[in-house]
*Asks:* 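Structure in structure tokens, see below.
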Amino acid sequence: MLLAAAVLVGGCGEPPPATPAAPELAARFELLANEDAQFHARLTLINRGPAELGTAGWALYFNLARQLVALPEEAGLAAEHLDGDLWRLVPRPSFEPLSPGGERQILLSGGGHLVRRSDAPRGLYLVWRAGGVETARELGEVSVAPFDQPQQTRRGSQDQMPVPTPASRYRDNRSLGLLPAGELTPLVPTPRELRRGAGQVVVDGSWTITHDSGFEAEAAALAVELGRLVGGELSVGQGSGAGAGTIRLARRAAPPEHYRLSVDPAGGIELAAADAAGIFYAGRSLLGLTPPAAWAAEPGPLTLPAVNIDDGPRFAYRGLHLDVARNFQTPETVRRLIDLAAFYKLNRLHLHLADDEGWRLEVPALPELTAVGGRRGHTLDEADRLLPSLGSGPTADHLPGSGFYTGEQFVEILRHARARHVQVVTEIDLPGHARAAIKAMEARAARLRDTDPEAADRYRLLDPGDSSTYRSVQGWTGNVVDVCLPSTYRFIEVVVDEIVALYQRAGAPLEMVHIGGDEVPHGAWEGSPACARRIAELPELGGVEDLPGHFVRRVERLLAERGLATAGWEEVALRAAPGAGESSKLPDPELAERGVVPYVWNSVWGWGSEDLAYRLANAGFEVVLCNASNLYFDLAYEKHPEEPGLDWAGFVDTRTAWELVPFDLYRSARVDRLGRPVRAEQLAASARLEPAARRRVLGLQGQLWGENLTSPQRLDFMAFPKLLGLAERAWAPAPRWAGVDAPAARDRQRADAWNEFANRLGQRELARLDFAYGGVDYRLPPPGAVIEAGRLLANSAFPGLEIRWVAGSGEVPPDARPYTGPVAVEGPVSVAVFDRRGRTSRPSVVGAAPAVD
Ligand code: TNX
């Protein structure tokens, strides 16, 4: 199917002159096989229109995050890499025209594997030239053939991980069991201490909130929040009124963010803390104690259990990272995510505002940053927009490829966060991952070149004489700023000063700026004349390998002059070991002393830097654990071809996040990215966290990288319920199982603890999320199912979720029969898990051959 989105390339709003009809193409994609380091696929083009697709004058563009192998001559087409993940197929003279109704198969091979639907080419569009005019037209979504054969889902000969099936899910879920509701901890995350009392308290609109001074904002916000549930707004008054019918917010000595909450049938409700954050978290717990059904129903009286809670966080830093550069998320989406993160007591939102594929924050002094760097659409010169990436298509100015926050919108996000005790950590990724900024500053230079040549170069990020060649992990060339140009630091100053001003306007605390620093491709700066001069001038620079450290030092000084600390990905804390290669980088003690905070991510089991967080903390750095293998929420939940996401560090589901052991990560290891068991001996030589360095583990952060966050629904799906596992680990005290040395006993205790947590989600929290904050589109796990002796047996990964089934092998409709226990069936059946809004998981089909789910 064709979309009507035809655009005039570089169009200025005038209607296109009449041109012959552009060919109307549709496409099918089929992955044929993966080998050890290569995939083979078939792309079929179908001519759906009345015009022939000829031997010249067109090109088919698409995004694919792999390196394609050159096509053979007889294909009649050449595959050309534009940059990043953008490719095009152009006809050669030998191309045999494709007539209306015809189909053409193109065999594509490339490096790496394609093992799931979300790996397929996306954002296909045809650019067609006629009468001197170029037109770009989107093809509809590519129809992707199922990945249901082992050669399609195996990532080479080392891949030992099976694709989950209804039967394997059934086996896995058998270690779980439905627990009585009364045995479940009624809150996520688990409080330090919770004592149940006798009886209940019923809160309605007649209740009053009283508060000590300093808690005005918390009282007002709680009145609104509770008011939404009970109907009407509770009245608020300063003073010490307490007792039945009163919710009192009292000040009492306690560490930061700690609180006490008592719900007492005789004495009313009291929230007590030393700071507003503590009162806020007491409020979250109060709201968390409400029955989940209250969030769905019409407002009415709330029944709360009598409890006494004494609580406080395990870690001071409890973060969620969101990449809005690859795919933009609207201010509303970000504010709602803040609400949800804060509800589960997270207190940092790390916003990744700039990367190769986009710059998302307005900086009035540098308008091209958003005018060019915040837009993607078809272009070859990138004079007024960036290339399409990640499926964003030819048309500029629509979500999620294009978009940015105005200063006002950003201030609004900061205020929203501040009111919920969430600090926003702003990241501008430099010196690599910076292509959007580089292209924007090139556009600025071009604008000013003739009128004001001096101003034109003032903020340039590259040296036009630089002959370096390199390619980043994501396939980009030209994505590293020149760290030897004074203009680069002028640029950073302008951006940082704008960030500081926006935080001030919002009245939001700004303690540090995150400067990225990750994945600078090998080869950058080698041909930079400015860097050659700099290396010759400065004795401390031995060569190009010392430039990342040089950059971090300069930016650190620039930030320190403004009273700001420097954070960055783990790379910022490392320096090249004298005489050694890339792989043996060492902690840079001088930067530890300067208080640079590394966010440690590359913990992939078997890659050799599993212990980096500990080596850095032992060397004096304060660190944030971002472990890709446990906390990268952009990784697919599991190795199923219908699960969207990446898998370079393995798979991450709610349990993977939940079972992280911050002070002994090796206890979090089960299988590596290919499903091979991680053996203790493998990690024997890894550094351990020294007891004295524990306090330097500031906390944990979940990462939502944006390559696949193409809609708010997809964001919800990748983030929830994983975020609840993270919240549990970041806030709750260390679980007992984590301290058990004997592996078998630890596994047993962990399994019991997981069962309780899985029940808490299945019976309580997911039901709340169905309706809270507009409803969260969390992932529903497909059920386990088998047919044994003619009877269907089914179970769910979150006991308590509703399971329904229907005869046949299709979708499971909302009115399908509820599964309440083993039931006799004939022929294939489809089974699915349902939420309270009628959303379903993918169906698990059993009794049909071959078993697919
Ligand atoms: C690695 S981890 C990246 C990001 C990607 C992410 C995808 C890190 C600091 N860089 O640029 O988006 O993997 O999982």
Side-chain angles (χ1 to χ4, degrees), residues 63 65-66 84-85 112-113 115-116 118-119 319-329 350-360 389-392 400 425-437 471-476 479-480 514-522 548 552 567-574 585 596-605 607 609-610 612-613 616 623-637 643-653 656-657 673 700-710 714-715 718-719 722:
N63 297 116
R66 298 290 183 277
D85 69 346
H113 307 120
V115 292
R116 57 182 64 80
S118 73
D119 289 346
L320 179 67
H321 154 283
L322 176 66
D323 165 14
V324 294
R326 271 58 177 273
N327 280 299
F328 185 66
Q329 307 295 336
H350 172 173
L351 271 185
H352 186 81
L353 285 170
D355 209 301
D356 300 322
E357 299 84 353
W359 180 286
R360 307 303 188 179
S389 289
L390 307 159
S392 58
V425 176
T426 296
E427 177 185 353
I428 301 295
D429 204 346
L430 293 166
H433 282 283
R435 195 170 174 281
R471 183 160 291 178
S472 78
V473 188
Q474 283 84 4
W476 294 104
N479 79 332
V480 184
H514 194 293
I515 61 162
D518 55 317
E519 297 182 325
V520 174
H522 191 75
V552 174
W569 298 107
E570 63 194 32
E571 288 91 332
V572 297
L574 298 170
K585 292 193 164 172
V596 170
V597 178
Y599 284 49
V600 188
W601 58 275
N602 197 348
S603 60
V604 182
W605 305 119
W607 282 8
S609 65
E610 298 91 330
L612 182 58
L616 289 169
V623 301
V624 177
L625 302 182
C626 302
N627 290 35
S629 44
N630 294 75
L631 300 176
Y632 267 33
F633 295 170
D634 57 307
L635 301 181
Y637 276 84
E643 287 291 337
L646 305 179
D647 70 3
W648 63 270
F651 296 89
V652 170
D653 65 10
T656 332
R673 52 186 297 273
L700 315 180
Q701 180 166 278
Q703 274 58 230
L704 281 167
W705 291 101
E707 289 89 338
N708 287 295
L709 301 183
T710 44
R714 176 60 69 74
L715 190 158
M718 299 313 287
K722 297 184 199 192

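As the structure lists them, so they are numbered: ligands from 1, and atoms in each ligand from 1. Given the structure is predicted, the values throughout are model-derived calculations rather than measurements.
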*Asks:* Check each atom of ligand 1 against the heavy atoms of Asp518 and keep those under 4.0 Å away; list them by number with element.
*Replies:* 8 (C), 9 (C), 10 (N)

*Asks:* Does any N/O atom on Asp634 come nearer than 3.5 Å to any N/O atom on ligand 1?
*Replies:*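 There is such a contact, yes.
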
*Asks:* Which ligand 1 atoms does Glu707 reach within 4.0 Å, using its non-hydrogen atoms?
*Replies:* 5 (C), 7 (C), 12 (O)

*Asks:* Using only atom types and a distance under 3.5 Å, with no angle test, would you say the side chain of Asp355 pairs donor to acceptor with the backbone of Arg326?
*Replies:* no

*Asks:* When you measure from the side chain of Arg360 to the backbone N and O of Val324, does any donor-acceptor pair fall under 3.5 Å?
*Replies:* yes

*Asks:* Run the salt-bridge test on Arg116 and Asp647 with the 4.0 Å N-O cut-off and return the result as yes or no.
*Replies:*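 Yes.
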
*Asks:* Please list, in number order, the atoms of ligand 1 under 4.0 Å from a heavy atom of Leu646.
*Replies:*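 Numbered from 1, ligand 1 contributes 7 (C), 14 (O).
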
*Asks:* Would a line drawn from the ring center of Trp476 to the ring center of His433 be shorter than 6.0 Å?
*Replies:* no

*Asks:* Looking at Trp648, which atoms of ligand 1 are within less than 4.0 Å of one of its heavy atoms?
*Replies:*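 Answer for ligand 1: 7 (C), 13 (O), 14 (O).
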
*Asks:* Could you identify the single nearest non-hydrogen protein atom to atom 1 (C) of ligand 1 and state the distance to 0.1 Å?
*Replies:* Glu519 OE2, 3.7 Å

*Asks:* Starting from atom 2 (S) of ligand 1, which protein heavy atom do you reach first, and at what distance in Å?
*Replies:* Tyr632 OH, 2.6 Å

*Asks:* Between the side chain of His321 and the main-chain N/O of Leu704, is any donor-acceptor distance below 3.5 Å?
*Replies:* yes

*Asks:* Nearest to atom 11 (O) of ligand 1, what protein heavy atom do you find, and at what distance?
*Replies:*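 For atom 11 (O) of ligand 1, the nearest protein heavy atom is Arg326 NH2, 3.0 Å.
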
*Asks:* Could Lys722 and Asp653 be called an ion pair, given the rule that one side-chain N must be under 4.0 Å from one carboxylate O?
*Replies:*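 No, Lys722 and Asp653 are not salt-bridged.
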
*Asks:* Numbering the atoms of ligand 1 from 1, which are under 4.0 Å from a heavy atom of His433?
*Replies:* 11 (O)

*Asks:* At a 4.0 Å cut-off, with the gap strictly under it, does some heavy atom of Glu570 reach an atom of ligand 1?
*Replies:* no

*Asks:* Atom CG in Leu631, atom CH2 in Trp601: separation rounded to 0.5 Å?
*Replies:*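 Those atoms lie 14.0 Å apart.
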
